[in-house]
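Side chains included, hydrogens not; waters and symmetry mates left out as well; all remaining heavy atoms used. All figures in this text were calculated on a predicted structure; none of them were measured in a lab.
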Amino acid sequence: MRILLTGGCGFIGSAVVRHIIRNTEHSVLNVDCMTYAASEDTVAEVASDPRYSHARANIVNGVEMQRLFEEYRPDAVMHLAAESHVDRSIDGPGVFIQTNIVGTYSLLEAARKYWSSLGNDEKAAFRFHHISTDEVFGHLEPNDPPFTETTPYDPRSPYSASKASSDHLVRAWYHTYGLPTFVTNTTNNYGIWHFPEKLIPLVTINAIEGRELPVYGKGENIRDWLFVEDHAEALVRAVEIGEPGETYAIGARQPRTNLEVVKKICAVLDELLPDPEGPRERLIRYVTDRPGHDFRYEIDPSHAEKELDWKAKNDFETGIRKTVQWYLDNRDWWEGIRSKRYTGQRLGTRS
C-alpha cells in the first residue's frame, strides 16, 4: 500500500511513520511543512529506507496537494497534520482554523479529484483516514460513562472546535461525494519524541532540571492516557481494514488525574536519577487553571478493539517508565528545543 501521510514529522505522525517502515511492507510519503513542533530527528532512523519519502508542503495549499496526489498516486491517506495544543489555541486560534479546517478541506478536495480519476477497483480500495481527538466530545463529569463513537459533539476550546469542524467535513465528503473516508478519535497520547510544551514531557524535563512542576488548579482534571506506539499500531491497522463511513474510538483504558501523572513521573525519576535535594514532589506548584479547562476525558475503546483486532499493549506504568527513560537518554534533542524554540514558558493564559 502506498500511503500519503500528513504531519509525519510530528509526535503521533512520526510514530506512525516509524511503525509503517519497521513493521509493514507499505510505502509512505510524509507531507509535512515543518512547523515549530515538527522535527526530522523523529524519523531519522527510517529516512534512508527506499519506502520513505518526505515532501515539505503545507496542506492548506490545494494546488500543491493536488500535485502530490498526481505524482505519488497513493492507495490511502492518513491525515494527522494538525495544530494540537489547547493552550496555544487560546493564545492564537487563527492558525488552528487555517490548518485544521482549511487544511483538511484542501486535502479532501485534492483526494476527491484524484480518487474520481481512478478505475473502479482502485476507487473501491482507496481510503481517507482522518485522525482526530476525543476532545471534540466535550468533557465528562466524574460519574459519566466514557466517550464512544456515538457521543454527541460538544467542543469547548478553539482547538477542539477546529478538530470537530474537520471531522464534520470528512464525514460530509463521504456522504455527499462518496469519498471513502473514516475517522478515528483518540485519547491523550504520550511517549517518545513528544514536543516539550505538553504536560508529560514538560513535567519530565522540568523535573530532570530541578525546575518547578506547574499543575493547573488542584490537579484533579482526568485524562485517559495512550502510549503513542500503541496508537500508531492501531492507526495503521485502521487504514488497512477500516470501513468507509466508520468511526473508531481508540484508547487504552488508563485514566489518571493530572496530579497522579505528575507524581508518577516524579517517582520514576527519583528511582532512575535520584536528586540530592530530595524527592521531586517538592517541586510541584499549583497554578491558576487555564480558561475553559475540560474536567475529564475517557474513551471506551470496545468497538475499535473488536473491529480492528487491536488492543493497547502498554499500561500507564510501563509506558511512563519508557517515556521518562527516553527523555533521560535523549537530552541533546530536548535541550536543543529548550534553547531555541520553547523554553518551558506557560501558554494559554489569555482571557
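- For the pair R237 and E233, the salt-bridge criterion is not met [side-chain N within less than 4.0 Å of a carboxylate O].
- A donor atom on one side chain and an acceptor atom on the other are found under 3.5 Å apart for T184 and H129.
- Salt bridge annotation for R88-E197: present, with a cationic side-chain nitrogen under 4.0 angstrom from a carboxylate oxygen.
- Taking the charged nitrogens against the carboxylate oxygens, K263 and E260 have no contact shorter than 4.0 Å, which rules out a salt bridge.
- In this structure, OG1 on T186 lies 10.0 Å from CD1 on I131, to the nearest 0.5 angstrom.
- The side-chain contact (heavy atoms from CB on, under 4.5 Å) test with M78 singles out one residue from T6, I3, V28, L4, and that residue is I3.
- For the pair R2 and Y72, the cation sits on the ring face: its NZ or CZ lies under 6.0 Å from the ring centre, inside 45° of the axis.
- Ring-plane geometry between Y114 and F69 is classed as tilted, the angle between the planes lying from 30 to 60 degrees on a 0 to 90 degree scale.
- Under the 4.0 Å criterion applied to side-chain N and carboxylate O atoms, E271 and R321 are assigned as salt-bridge partners.
- Partners of W310 according to the ring pair (Phe, Tyr, Trp, His ring centres under 6.0 Å) rule, which considers only residues two or more places apart in sequence or in another chain, do not exist here.
- By the ring pair (Phe, Tyr, Trp, His ring centres under 6.0 Å) test, H194 pairs with F11, sequence neighbours left out.
- Looking at R338 and E209, a side-chain N of the basic residue comes within less than 4.0 Å of a carboxylate O on the acidic one, giving a salt bridge.
- Using a 3.5 Å distance cut-off with no hydrogens or angles, the side chains of R156 and S160 do not pair a donor with an acceptor.
- The closest donor-acceptor contact from the side chain of S89 to the backbone of Y159 lies under 3.5 Å.
- Residues E240 and R127 are not paired through a salt bridge, judged by the lack of any N-O separation under 4.0 Å between the basic side chain and the carboxylate.
- With respect to R67 and E64, a salt bridge is recorded, a charged nitrogen being found less than 4.0 Å from a carboxylate O.
- Under a 3.5 Å cut-off, the side chain of N185 and the backbone N or O of T133 do form a donor-acceptor pair.
- Under the 6.0 Å cut-off for aromatic ring centres, W333 and W326 qualify, their centroids lying closer than that.
- Using a cutoff of 4.0 Å between basic side-chain nitrogens and carboxylate oxygens, R73 and E71 are not scored as salt-bridged.
- A donor-acceptor pair shorter than 3.5 Å cannot be found between the side chains of Y248 and E305.
- No donor-acceptor contact under 3.5 angstrom links the side chains of Y52 and R18, judged on distance only.
- Defined by atom type and a distance below 3.5 Å, a donor-acceptor pair is present between the side-chain atoms of H130 and D167.
- Evaluated for a side chain to side chain donor-acceptor pair (under 3.5 Å) with R280, the options D275, D270, N206 yield exactly one hit, D270.
- Hydrophobic cluster membership for L140: V136, F137, F147, Y153, Y297, I299 (Ile, Leu, Val, Met, Phe, Trp, Tyr linked by side-chain heavy atoms under 4.5 Å, directly or transitively).
- A cation-pi arrangement is absent between R171 and F182 under the rule of less than 6.0 angstrom and at most 45 degrees off the ring axis.
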